[in-house]
There are 2 protein chains.
Amino acid sequence: MPDSEYRDIRRLNLFSQMAEENFTSLMRGAYVQNFPAQIELITEGEPSDFFHVVISGSVDLFSSWNGRDTSMATVRPISTFILAATIKDAPYLMSARTLEKSRIALIPSQDVRAIFDADSDFARAIVTELAQCYRSVIKSQKDLKLRTSLERLANYLLRQQRHAGGETVFELDFEKRRLASVLGMTPENLSRAFKGLQPYGVTVTGTRITIGNQGDLEHFAKPNPLIDDFST
Amino acid sequence: MPDSEYRDIRRLNLFSQMAEENFTSLMRGAYVQNFPAQIELITEGEPSDFFHVVISGSVDLFSSWNGRDTSMATVRPISTFILAATIKDAPYLMSARTLEKSRIALIPSQDVRAIFDADSDFARAIVTELAQCYRSVIKSQKDLKLRTSLERLANYLLRQQRHAGGETVFELDFEKRRLASVLGMTPENLSRAFKGLQPYGVTVTGTRITIGNQGDLEHFAKPNPLIDDFST
DNA sequence: CTGAAAGATTGACTTTCATCAATTGATTTT
DNA sequence: AAAATCAATTGATGAAAGTCAATCTTTCAG
């Protein structure tokens with residue numbers, strides 16, 4: 001692993017406070033690999049052999065049941081996934097596939113658990129990370145249960161706008177079919193939902209979104225930090 | 001606090017491994033109170049001043065947005081709620097109200113955070129607890145996104161049946177209106193959903209459920225441990 | 001540059017679900 | 001026990017969302 005990557009990973013909140021020796025030990029046991037797009041990295045139900053760190057590219061976490069499937073989240077560099085399964089030594093609850101060419105570090109789960117037992121700074125960092133993940137899912141659950149699909153889309157656009165710097169014009173960073181799945185609707189309905197937001201000044205050209213009237217859209221979307229602010 | 005309660009709380013996975021001294025210190029700072037039914041214990045958005053332990057009774061965790069609200073979970077003795085907010089020192093994401101007369105221990109959040117910093121066994125127990133909570137919400141998210149309301153009800157009944165000992169006849173432990181909210185539907189639709197399960201041998205009399213044909217119902221519900229098994 | 005393939009959109013239709021109103025049933029209060 | 005209250009159910013209706021098929025658009029390999 002190149003030194004720059006090593007340092008980038010070390011800077012993650014999860015790893016930044018642990019003893020150098022333990023971090024080095026974790027990294028020594030890690031496999032770093034380049035994967036092409038659309039590769040299934042893990043499959044739900046399998047034992048959690050590896051903890052994953054996305055170094056570049058992006059990864060879709062999804063889940064299936066009875067022939068249906070749904071996107072649960074997207075992991076972008078630099079961050080990690082499947083921490084809870086690793087810690088509990090329990091089966092993966094979600095599958096993961098690369099969305100594009102991606103570079104990923106695979107850390108054997110048993111190493112993570114061993115260092116977790118040995119390094120209490122690492123254990124504490126894991127607490128913070130898990131609490132963050134937990135709260136994110138709760139927010140997403142509230143989004144799903146309390147809002148219509150039109151409201152979810154409106155709020156997603158506002159979040160994405162903020163994430164992209166707050167400009168009036170910005171780009172979606174999802175394929176629309178995946179966005180639909182993340183928002184819990186069909187691609188057809190997403191198309192119609194975009195039209196449904198036209199009265200609030202939203203125009204769409206390909207992946208380019210224009211918020212024509214910020215106030216109108218916000219008045220409709222009623223964003224709420226307890227649902228939409230992913231930083232707390 | 002009576003000795004028996006003290007010991008019951010101590011036996012929780014969250015507290016069982018920590019140093020006696022630290023547990024005692026936590027309990028010394030705790031307030032134990034009896035609340036009547038329908039009391040709002042905490043309100044979403046407020047700072048997380050107290051970590052809560054339900055000693056008896058039951059508590060509904062719910063959330064509101066734009067005039068709507070939804071039940072997120074029910075907490076039954078002996079267990080805890082609002083751990084993530086306490087640890088992160090972040091606002092509550094959910095409100096909580098007693099469903100019945102309940103006895104609840106309130107532990108100042110700053111005490112929990114202080115002991116978390118001092119006692120690495122406690123920190124480790126928190127990891128396990130949070131990982132469990134996180135995985136539970138993911139399962140619930142999958143339930144919501146991958147299943148129709150009829151399928152959710154069918155699987156809920158199977159889970160509840162198992163929880164009640166596996167007998168053909170068992171009792172719902174929810175008021176139906178709350179069950180509806182937990183399952184993400186209206187009370188009216190829950191009524192119709194029960195009727196929709198009649199062809200699979202389900203009969204309902206008040207809160208008493210009879211599974212007339214286990215195989216039929218399971219064939220329809222297609223329960224899956226990665227969604228329905230809350231123990232892993 | 002062209003054609004193939006995949007994604008996105010649109011329209012027509014169906015199913016699912018929420019809402020509203022009325023009624024029934026159960027429980028509590030006086 | 002009668003009245004009052006609240007939950008549960010039912011029917012009628014409308015809105016929201018899924019499905020299917022056809023068409024349009026974009027992307028990209030050859």
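Side chains are part of it too, since the values below use all heavy atoms of this structure and drop only hydrogens, waters and symmetry mates. Reminder, nothing fancy here: chain letters follow the sequence lines and each chain counts from 1. Predicted model only: the values in this text are computed from it and were never measured.
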Tell me: [atom1] of [X] to [atom2] of [N], nearest whole Å?
| X | N | atom1 | atom2 | value |
| --- | --- | --- | --- | --- |
| A:E175 | C:dA6 | CD | C1' | 9 Å |
| B:R147 | C:dC17 | CZ | P | 14 Å |
| A:M185 | D:dA15 | CE | P | 20 Å |
| A:F194 | C:dT10 | CZ | C1' | 16 Å |
| A:L150 | D:dA15 | CG | C1' | 13 Å |
| A:R177 | D:dG18 | CZ | C1' | 16 Å |
| A:E151 | C:dA18 | CD | P | 14 Å |
| B:K176 | D:dC6 | NZ | C1' | 14 Å |

**OP:** Can you see which heavy atom on B:Q132 is nearest to which on B:F230, and at what distance?
**Re:**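 Closest approach of B:Q132 to B:F230, heavy atoms only: NE2-O, 3.0 Å.
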Taking only the side-chain nitrogens and oxygens of [X], find out if one of them lies under 4.0 Å from OP1 or OP2 of [N].
| X | N | answer |
| --- | --- | --- |
| B:T186 | C:dC17 | no |
| B:S149 | C:dC17 | yes |
| A:N189 | D:dA17 | no |

**OP:** For DNA chain D, determine which residues of residues 195-212 of chain A have any heavy atom closer than 4.0 angstrom to one of its atoms, and list them numerically.
**Re:**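 Those residues: none at all.
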**OP:** With A:R208 as the cation and A:F170 as the aromatic partner, state whether NZ or CZ is under 6.0 Å from the six-membered ring centre and within 45° of the axis.
**Re:**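 Relative to the ring axis of A:F170, which defines the angle, A:R208 lies outside at least one limit.
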**OP:** Please confirm whether A:K176 makes a cation-pi placement over A:F194, using NZ or CZ under 6.0 Å from the six-membered ring centre and within 45° of the ring normal.
**Re:**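 Yes, a cation-pi geometry holds between A:K176 and A:F194.
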Original post:
After noting the C-alpha distance and the side-chain angles of B:L158 and B:L217, does the key distance pass the side-chain contact (heavy atoms from CB on, under 4.5 Å) rule?
Top reply: CA-CA 8 Å; B:L158 290 173; B:L217 184 60; 3.8 Å; yes
Subject >> Qualifying residues under side-chain contact (heavy atoms from CB on, under 4.5 Å), relative to B:S56, sequence neighbours excluded >> reply: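 Testing B:S56 for side-chain contact (heavy atoms from CB on, under 4.5 Å), a comparison that skips the adjacent residues, returns B:R103.
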Original post:
In terms of side-chain heavy atoms of A:S191, which of C:dG11, D:dA17, C:dA8 is nearest?
Top reply: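 For the A:S191 side chain, the nearest candidate turns out to be C:dA8.
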Original post:
In terms of ring plane angle, is the pair A:Y156 and A:F174 parallel, tilted or perpendicular, where the classes change at 30° and 60°?
Top reply: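 Because their plane-to-plane angle is under 30°, the rings of A:Y156 and A:F174 count as parallel.
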Subject >> Polar side-chain contact A:R192-C:dG11 base: donor and acceptor under 3.5 Å >> reply: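 Yes, the side chain and the base share a sub-3.5 Å donor-acceptor pair.
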Original post:
So what does B:E188 hit on the nucleic acid, given a heavy-atom distance under 4.0 Å: a base, only sugar-phosphate, or nothing?
Top reply: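 Here B:E188 touches the bases of the nucleic acid.
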**OP:** Apply side-chain hydrogen bond (donor to acceptor under 3.5 Å, both in side chains) to the pair B:E171 and B:Q160, showing each step before the final yes or no.
**Re:** CA-CA 8 Å; B:E171 298 279 326; B:Q160 180 60 21; over 6 Å; no
